[in-house]
Amino acid sequence: MSPYSFISHLQCSFCGKEYKADSIIQVCESCGYPLFVRYDLTSMKKSIDRDSLISRPQNFWRYHELLPVHDPANIVSFNEPFTPIVPLSETGASMNMTRLYAKDEGVLPSGTFKARGASIGISKAKEMGVSAIGIPTNGNAGAAWALYAAKAGIDITVVMPNSAPITPQKECLIAGANLYVIEGTIGDAGKILPKLVNTDNWYDVSTLKEPYRLEGKKTMGFEIAEQFSWSVPDVIVYPTGGGAGVVGIYKALLELQELGWMEKRMPRFAIVQADGCAPLVEAYQKGERFSKEWQDPHTIAFGMRVPKALGDFLILDVLRETDGIAISVDDESIHAERKNVVRRDGLHASPEGAAGIAGVRKLRDQGWIRPDETVLVMNTGSGLKYTDQITETPRTYAFSATK
Ligand SMILES: *Cc1c(COP(=O)(O)O)cnc(C)c1O
Ligand SMILES: [Zn+2]
């Protein structure tokens, strides 16, 4: 019988050093950069074919051979669905495009794609016997991990900036997480986290500081490949902060291509950041491999407010390898696209998703996206998590109910 997971080892994404699979480990002990989970794709190719996989239920675990969990008894899941690909016909038409689509991650538990990393990350933590975890977050990751940790019975400490939106704070609280809000950025939250966890024996699940969370992000790439009939759109647009989303999708497509399950063609990746926090755009424009920490980061698209990503070089590599691009947009155009897309196509985009759409409009204006290209923009979360940003107010009407 073929194994449930084909995980073989861990490997440093920077220096290539190898580590044992299933280790409770953070980053590379030699260079401090992120570790990747590697699989025995050669054996897998011999024992599994694509058709045997697609008859399974449509959820994250359909791809269990390419995920790090060995025993299905350790899976922590709420039966997450495939997220829909919705045509943005009217929005596309407003940019003279015929094939603009959004992948709507807002339907996942806790309303963002962060559920993916949380489901796979918590399942693996459970399998390895982890009893306490800590996570710095701009809000959404904390909300997602709080849900899955609650189900797994794992103690979770979440630290977020006090400027984070109120909804994910409340989500953490109702799910029973130990939530701290601090003055500062997500980077500061990461530095303070060790002081706030109530035990010495805990696992730091910060973005790319352990290898398993990224494997959950990969499920976006698997779904995209299947939803595009084992092909890819011409362009994938991703609103980017820590970058695990982009790196995860790219890793998934590479694995599928190595298995021979899909054509060897990559989409061009376009990452979108906010003018008020664009370290990757700056590095991309200067042709540098690493980004510099962004001073005084600010934007309404909170999930993208990451002043320095640990995996910056991985994101920038993806852009170079796929003829991609990095651009930034301002908060006014983010808010304008939120209104546009809900009125034209009924999609409640998060500000991050709306930033992606604003990015598409800019790239169309610049001619980088052509009118007939198939473009997939990731709506990374539901706009209904951000109703506090809607500044319009209702009219009132005074009347007497007794008359
Ligand atoms: C976290 C987050 C992002 C950024 O994703 P990365 O993978 O960290 O680049 C974008 N949108 C939303 C809604 C998020 O919560
Ligand atoms: Zn290394």
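- Within the 4.5 Å cutoff, the side chain of Val237 has heavy atoms near those of the Val272 side chain.
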message: Working note: Lys217 + Glu223, criterion salt bridge (charged side-chain N to carboxylate O under 4.0 Å, His left out); need CA distance, chi angles, decisive distance, verdict.
response: CA-CA 11 Å; Lys217 307 297 168 75; Glu223 286 176 29; over 6 Å; no
field: Test side chain to side chain donor-acceptor pair (under 3.5 Å) applied to Glu105 and Thr112, step by step
entry: CA-CA 5 Å; Glu105 298 287 296; Thr112 73; over 6 Å; no
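- Between Pro161 and Gly184, the shortest heavy-atom distance links the atoms CB-O, 3.1 Å.
- Ser8 and Asp40 form no side-chain donor-acceptor contact under 3.5 Å, judged by distance and modelled atom types alone.
- Scanning both residues, Ser13 and Pro34, for their nearest heavy atoms gives OG-O, 2.7 Å.
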message: salt bridge (charged side-chain N to carboxylate O under 4.0 Å, His left out), that's the test. Do Lys17 and Glu29 meet it? Break it down for me.
response: CA-CA 9 Å; Lys17 185 169 177 184; Glu29 283 157 9; 5.0 Å; no
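- Across all their heavy atoms, Asp22 and Pro68 have their closest contact at OD1-O, 4.3 Å.
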Full working for side chain to side chain contact (heavy atoms under 4.5 Å, CB included) between Arg116 and Thr83: CA-CA 11 Å; Arg116 298 176 183 274; Thr83 59; 3.4 Å; yes
message: Under the criterion side chain to side chain donor-acceptor pair (under 3.5 Å), I'd like the reasoning laid out for Glu263 against Ser231: C-alpha separation, chi angles, the key distance, then a yes or no.
response: CA-CA 6 Å; Glu263 58 167 347; Ser231 176; 2.5 Å; yes
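- Geometrically, Lys218 does not engage Tyr63 in a cation-pi contact, judged by NZ or CZ lying under 6.0 Å from the ring centre and within 45° of the ring axis.
- Annotation: cation-pi pair Arg268/Trp368 present, NZ/CZ under 6.0 Å from the ring centroid and within 45° of its normal.
- Across all non-hydrogen atoms, the minimal contact from Gly117 to Trp145 is O-CZ2, 3.4 Å.
- For the atom pair Leu88 CG and Glu90 CD, the distance stands at 10.5 Å (nearest 0.5 Å).
- Proximity of Ser5 to Leu67: side-chain heavy atoms (C-beta onward) are nowhere separated by under 4.5 Å.
- The CG atom of Asp372 sits 8.0 Å away from the CG atom of Asp234 when rounded to the nearest 0.5 Å.
- For the atom pair Leu193 CG and Asp188 CG, the distance stands at 12.5 Å (nearest 0.5 Å).
- Between Phe290 and Phe313, the two ring planes are tilted [angle within 30° to 60°].
- Comment: Glu65 engages Arg56 in a salt bridge, judged by a side-chain N to carboxylate O separation of less than 4.0 angstrom.
- Residues Arg99 and Val375 fail the side-chain proximity criterion, which asks for heavy atoms closer than 4.5 Å.
- Classification of Lys339 and Glu392 as a salt-bridged pair holds, one side-chain N sitting under 4.0 Å from a carboxylate O.
- Side-chain atoms of Asp204 and Ser206 form a donor-acceptor pair, as typed in the model, at a separation below 3.5 Å.
- Between Tyr203 and Gln26, the side chains place no donor N or O within less than 3.5 Å of an acceptor N or O (distance only, hydrogens not considered).
- To the nearest 0.5 angstrom, Lys126 atom NZ is 13.5 Å from Tyr148 atom OH.
- There is no side-chain donor-acceptor pair under 3.5 Å between Ser123 and Asn74.
- The nearest pair of heavy atoms linking Arg213 to Val205 is NH1-O, 2.8 Å.
- Considering all non-hydrogen atoms of both residues, Ala301 and Ile334 come closest at CB-CD1, 4.2 Å.
- Counting only heavy atoms from C-beta outward, the side chains of Asn140 and Ser110 never approach each other to under 4.5 Å.
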field: Candidate pair Phe60 and Phe222, rule ring pair (Phe, Tyr, Trp, His ring centres under 6.0 Å), full reasoning
entry: CA-CA 9 Å; Phe60 300 163; Phe222 297 149; over 10 Å; no
field: Derivation of the side chain to side chain contact (heavy atoms under 4.5 Å, CB included) call for Asp317 and Tyr250
entry: CA-CA 10 Å; Asp317 285 354; Tyr250 186 69; over 6 Å; no
message: Assess the residue pair Tyr4 and His70 against the criterion (side chain to side chain contact (heavy atoms under 4.5 Å, CB included)); give the C-alpha distance rounded to whole Å, side-chain angles, the decisive distance to 0.1 Å, and a yes or no.
response: CA-CA 6 Å; Tyr4 193 73; His70 295 286; 5.7 Å; no
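- Under 3.5 Å, the side chains of Asp331 and Thr299 contain a donor-acceptor pair of N or O atoms.
- Put simply, the side chain of Ile249 reaches to within 4.5 Å of the side chain of Phe269, judged on heavy atoms.
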- request: Evaluate the side chain to side chain contact (heavy atoms under 4.5 Å, CB included) criterion for residues Val27 and Leu208: first the C-alpha distance (whole Å), next the side-chain angles of each, then the deciding distance (0.1 Å), finally the verdict.
  value: CA-CA 8 Å; Val27 289; Leu208 294 172; over 6 Å; no
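- A donor-acceptor contact closer than 3.5 angstrom is absent between the side chains of Arg338 and His348.
- Taking CG of Asn178 as the start and CD1 of Ile156 as the end, the distance is 8.5 Å to the nearest 0.5 Å.
- Within the 4.5 Å cutoff, the side chain of Leu256 has heavy atoms near those of the Trp230 side chain.
- Side-chain atoms of Tyr39 and Glu215 form a donor-acceptor pair, as typed in the model, at a separation below 3.5 Å.
- Within the 4.5 Å cutoff, the side chain of Leu108 has heavy atoms near those of the Pro81 side chain.
- To the nearest 0.5 Å, the span separating OH on Tyr238 from CE on Met378 amounts to 5.5 Å.
- Side-chain polar atoms of Ser291 and Glu288 form no donor-acceptor pair below 3.5 angstrom.
- Side chains of Glu352 and Tyr386: a donor on one and an acceptor on the other come within 3.5 Å.
- Looking at Gln227 and Phe82, their side chains come closer than 4.5 Å, going by heavy atoms from C-beta outward.
- Side-chain contact check for Thr167 and Lys385: no donor-acceptor pair (N or O, by modelled atom type) lies under 3.5 Å.
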message: Run the side chain to side chain donor-acceptor pair (under 3.5 Å) test on Arg361 and Thr91 for me, step by step, so that the C-alpha distance in whole Å, both residues' side-chain angles and the decisive distance to 0.1 Å come before the verdict.
response: CA-CA 9 Å; Arg361 196 176 296 278; Thr91 305; over 6 Å; no
